[in-house]
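Report on the structure given below.
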Amino acid sequence: MLRAPRGTNDILPPESHKWAYIEALLRRLSKIYNFEEIRTPMFEHTELFARAVGEATDIVRKEMYTFKDKGGRDLTLRPEGTAPVARAFLERGLAGGPLPRKLFYLGSMFRYEKPQAGRYREFVQYGVEILGSPSAYSDAEVILLGVRIAEELGLTGTTLYINTIGCPECRKAYREDFLKHVSDRAGELCQDCRERLEVNPLRILDCKNQGCREAVADVPLMQDHLCDDCRRHWAALQEILTSLGIEYAVDPTLVRGLDYYTKTVFELKWPPLGAQDTVIAGGRYDGLVEELGGKPCPGVGFAAGVERLILAAEKGERPLMPEVSIDCFVLFPDSEDRRIPEAGFKLLVDLRRAGISGDFDALGRSVKAQMKHADRLNARYVAILGEEEVRQGLVTIRSMEHGWQKQVPTGQVVDFLKEEVSGGSS
RNA sequence: GUGAAUGUAGUUCAGUUGGUUAGAACGCCAGAUUGUGGCUCUGGAGGUCGUGGGUUCGAGUCCCAUCAUUCACCCCA
């Protein structure tokens, strides 16, 4: 049998209803925080990610779906959303508009990774970006939105980790200091970390290997090497969070995997998810726009994995239980007398025109079977048109919830149901 | 990319030391006197036992490969 490619998912009912619910929630919160939607292409020139995300990162080195199109262009299915947003921001002249610009995106990302619960090759990210604001309040605003999403999904026990990784200037100085301490103990490092020593030494900090942890245990901290600007920003962010009573943990080993981050980085974790427990993660990227060829323009944002949000919500306090129902099922026998099915189908058409959701049995089944079907579709009402009804110009309306039945003149059925459905009387 | 576990009807699972027509529950379809759902009862449909090789008189059961899922590492959302 032909199967869907590895790491992809078919989202069918009732899961698709959960997706619709979460997407609506994310859009609603975006509106409250005044983020507007941006939609960028699913693929970009490979160079965009190579430059923005960084040649040394795992994403660029081994996780991209890269291909050449028939015109020989070197393209890549987007592995993340920030670089494309920054590109569009520049290319479409948003940099010249009112600042800061607050945008959100919601769509598929692609990474060639080994799939696991909460990790897929095609996955959906919701993300927000604030471009043009250097303020720590913007960092806070983005973090607050992330925390709010978790709250609204009923996730209790999330932990917010924050850290600062400085700017290129102070990081350069820190890096030398860091290297001095670590290189004498290079022998204790794992294979990966020896490579990191060359390409991206700070990542040794978040290696889980015992030897590596010991090797960097007494290493100087970034926090103590910040330049004035970065130190002020870092202090300001913590003051804001504290003043709002937001609980957070400073994690000096928090170093994100994408090169464009500067100053603030943060992650929101929810442990019950297992190994892939980061639900939302982001940070500041003050150098990205410039890196892409624009004038310097600060930015902050985060990305959330929608699959993980759903997975978490399911395990959380308030599992997603979408109620799927239709207003009215129109029941009519497949009679020799064509007037009966014609009247039934016409009623269905009229109901739908009036905005009442409805369905019928297309398989010509028995009345009993149709009732059963109506029940499974979770119909609130059933409109019955049998020989009797059609002859008398009536329709029998049955409330599936209460069990009562009423005979209503055909011409009044639409109005009657409109009233009922809008929750008028019982 | 590394290590490990799993893979039997739509779904969740049973299938004894390899041995005749592969089972259950739920779901689905159809019935249980008069056109009417949810409960109950009866019957029915539905499985190339992930796929491809191999061992054997004989394999769902053993071996190899492959694909997929899950867990840990890695990485991250």
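Any value given below was found using the heavy atoms of this structure, including those in side chains, with hydrogens, waters and symmetry copies removed. The sequence lines fix the lettering, A, B, ..., with proteins before strands; numbering per chain opens at 1. Please read all numbers here as calculations on a predicted model, not as lab measurements.
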**Phosphate OP1/OP2 of B:U69: any A:R6 side-chain N/O under 4.0 Å** = yes
**Request:** Answer yes or no: is there a side-chain heavy-atom contact under 4.5 Å between A:F89 and A:C297?
**Result:** yes
**Request:** Measure from CG on A:D10 to C1' on B:G10 and round the result to the nearest Å.
**Result:** 15 Å
**Message:** Before we go on, tell me: are the rings of A:F360 and A:F345 under 6.0 Å apart, centre to centre?
**Reply:** yes
**Fill in**
Of the listed B:A77, B:G31, B:U70, the closest approach to the A:R111 side chain comes from B:A77
**Asked** Taking only residues two or more places apart in sequence or in another chain, which ones pass ring-ring contact (aromatic ring centres under 6.0 Å, His included) with A:Y33?
**Response** none
**Request:** Please tell me which of the listed nucleotides, B:G37, B:U36, B:C73, lies nearest to the side chain of A:A275?
**Result:** B:C73
**Asked** Going by modelled atom types, is there a donor-acceptor pair between the base of B:U69 and the side chain of A:Q116 at under 3.5 Å?
**Response** no
**Request:** Can you figure out which of B:C76, B:G3, B:G37 approaches the side chain of A:M371 most closely?
**Result:** B:G37
**Request:** For A:V306 and for A:T8, find the nucleotide of RNA chain B with the closest heavy atom, then tell me which residue's nucleotide is more 5'.
**Result:** A:T8
**Message:** Can you check the distance between B:G15 and B:U8, where both ends of the measurement are the P atom (answer in whole Å)?
**Reply:** 13 Å
**Asked** According to the Watson-Crick and G-U wobble definition with distances under 3.5 Å, which dot-bracket string, read 5' to 3', encodes RNA chain B, using [ ] for crossing pairs and | for pairs with another strand?
**Response** (((((((..((((.....[...)))).(((((.......))))).....(((((..]....))))))))))))....
**Request:** With heavy atoms under 4.0 Å as the rule, sort A:Q405 into base, sugar-phosphate or nothing.
**Result:** base
**Asked** In whole angstrom, what separates A:F49's CZ from B:A77's P?
**Response** 13 Å
**Request:** Could you work out the separation of B:A45 and B:C26 based on their C1' atoms and round it to a whole Å?
**Result:** 16 Å
**Request:** Tell me what A:E63 touches on the nucleic acid: a base, only sugar-phosphate, or nothing, going by heavy atoms under 4.0 Å.
**Result:** sugar-phosphate
**Prompt:** With sugar-phosphate meaning primed atoms plus P, OP1 and OP2, does A:G403 contact a base, only sugar-phosphate, or nothing at under 4.0 Å between heavy atoms?
**Reply:** base
**Prompt:** B:G18 and B:G60: how far apart are their P atoms, nearest whole angstrom?
**Reply:** 13 Å
**Asked** Heavy-atom count around A:R39 CZ within 6.0 Å, excluding the residue itself: above 12?
**Response** no
**Prompt:** Distance check: side-chain N/O of A:R119 vs OP1/OP2 of B:A77, anything under 4.0 Å?
**Reply:** no
**Prompt:** Got more than 12 heavy atoms from elsewhere within 6.0 Å of CD, A:E47?
**Reply:** no
**Side chain of A:Y112 - closest among B:A77, B:C74, B:G1** = B:G1
**Asked** Is a donor-acceptor pair below 3.5 Å formed from side chain A:R376 to base B:C28, judging by atom type as modelled?
**Response** no
**Message:** Tell me whether the side-chain N or O atoms of A:K372 pair up with the base of B:U36 as donor and acceptor below 3.5 Å, since no angle test is needed here.
**Reply:** no
**Message:** Please check if the number of heavy atoms outside A:Y137 that lie under 6.0 Å from its OH is greater than 12.
**Reply:** no
**A:F123 CZ - B:A77 P separation (whole Å)** = 7 Å
**Prompt:** On a whole-Å scale, what distance lies between the C1' atoms belonging to B:G3 and B:G10?
**Reply:** 34 Å
**Prompt:** Contact class for A:Y120 (heavy atom, under 4.0 Å): base, sugar-phosphate, or nothing?
**Reply:** base
**Asked** Taking atom P in both B:A14 and B:G54, what distance in whole Å separates the two?
**Response** 30 Å
**A:A369 side-chain proximity, nearest of B:A30, B:C76, B:C67** = B:A30
**Request:** Nearest-nucleotide wise, let me know which of A:R3 and A:A303 is further upstream toward the 5' end of RNA chain B.
**Result:** A:R3
**Request:** Determine whether any donor atom in the side chain of A:R398 lies under 3.5 Å from an acceptor atom in the base of B:G37, or the reverse, and answer yes or no.
**Result:** yes
**Request:** Have a look at A:I280 and say if it touches a base, only the backbone sugar-phosphate, or nothing, with a 4.0 Å heavy-atom cut-off.
**Result:** sugar-phosphate
**Request:** Just call it for A:R203: base, sugar-phosphate, or nothing, with non-hydrogen atoms closer than 4.0 Å on any strand.
**Result:** sugar-phosphate
**Request:** Can you tell me, in whole Å, how much space there is between the P of B:A77 and that of B:C64?
**Result:** 39 Å
**Item:** Pairwise C1' distance for B:U51 and B:U12, with rounding to whole Å
**Value:** 23 Å
**Prompt:** What orientation do A:W404 and A:F416 show, parallel under 30°, tilted 30 to 60°, or perpendicular over 60°?
**Reply:** perpendicular
**Asked** When we call it a touch if two heavy atoms are under 4.0 Å apart, what does A:G81 touch: a base, just sugar-phosphate, or nothing?
**Response** nothing
**Request:** Measure from CG on A:D334 to C1' on B:G35 and round the result to the nearest Å.
**Result:** 14 Å
In a table with atom names and distances, give each donor-acceptor pair under 3.5 Å that connects a side chain of residues 3-15 of chain A to protein atoms at least two apart or in another chain.
from  : atom 1 : to    : atom 2 : distance (Å)
A:T8  : OG1    : A:P5  : O      : 2.6
A:E15 : OE2    : A:K18 : NZ     : 3.0

**Request:** Applying side chain to side chain donor-acceptor pair (under 3.5 Å) between A:T264 and each of A:D286, A:D139, A:N163, report the one that passes.
**Result:** A:D139
**Prompt:** If you check every side-chain atom of A:D375, which of B:C76, B:G35, B:G38 has the closest atom?
**Reply:** B:G38
**Message:** Rounded to whole Å, please give me the gap between CG in A:L385 and P in B:U36.
**Reply:** 16 Å
**Item:** N-O pairing of A:E152 and A:R28 below 4.0 Å
**Value:** yes
**Asked** When we call it a touch if two heavy atoms are under 4.0 Å apart, what does A:L258 touch: a base, just sugar-phosphate, or nothing?
**Response** sugar-phosphate
**Interatomic distance at C1', B:U16 relative to B:U61, whole Å** = 11 Å
**Prompt:** Taking atom types as they are modelled, is there a donor-acceptor pair under 3.5 Å from the base of B:G35 to the side chain of A:E389?
**Reply:** yes
**Request:** To the nearest Å, give me how far apart CG (A:D361) and P (B:G37) are.
**Result:** 15 Å
**Item:** Side-chain touch A:R111/A:R119, heavy atoms, less than 4.5 angstrom
**Value:** no
**Prompt:** For A:K62, which contact category applies under a 4.0 Å heavy-atom criterion: base, sugar-phosphate, or nothing?
**Reply:** nothing
**Message:** Under 4.0 Å, heavy atoms only, any strand: does A:V124 hit a base, just the sugar-phosphate, or nothing?
**Reply:** nothing
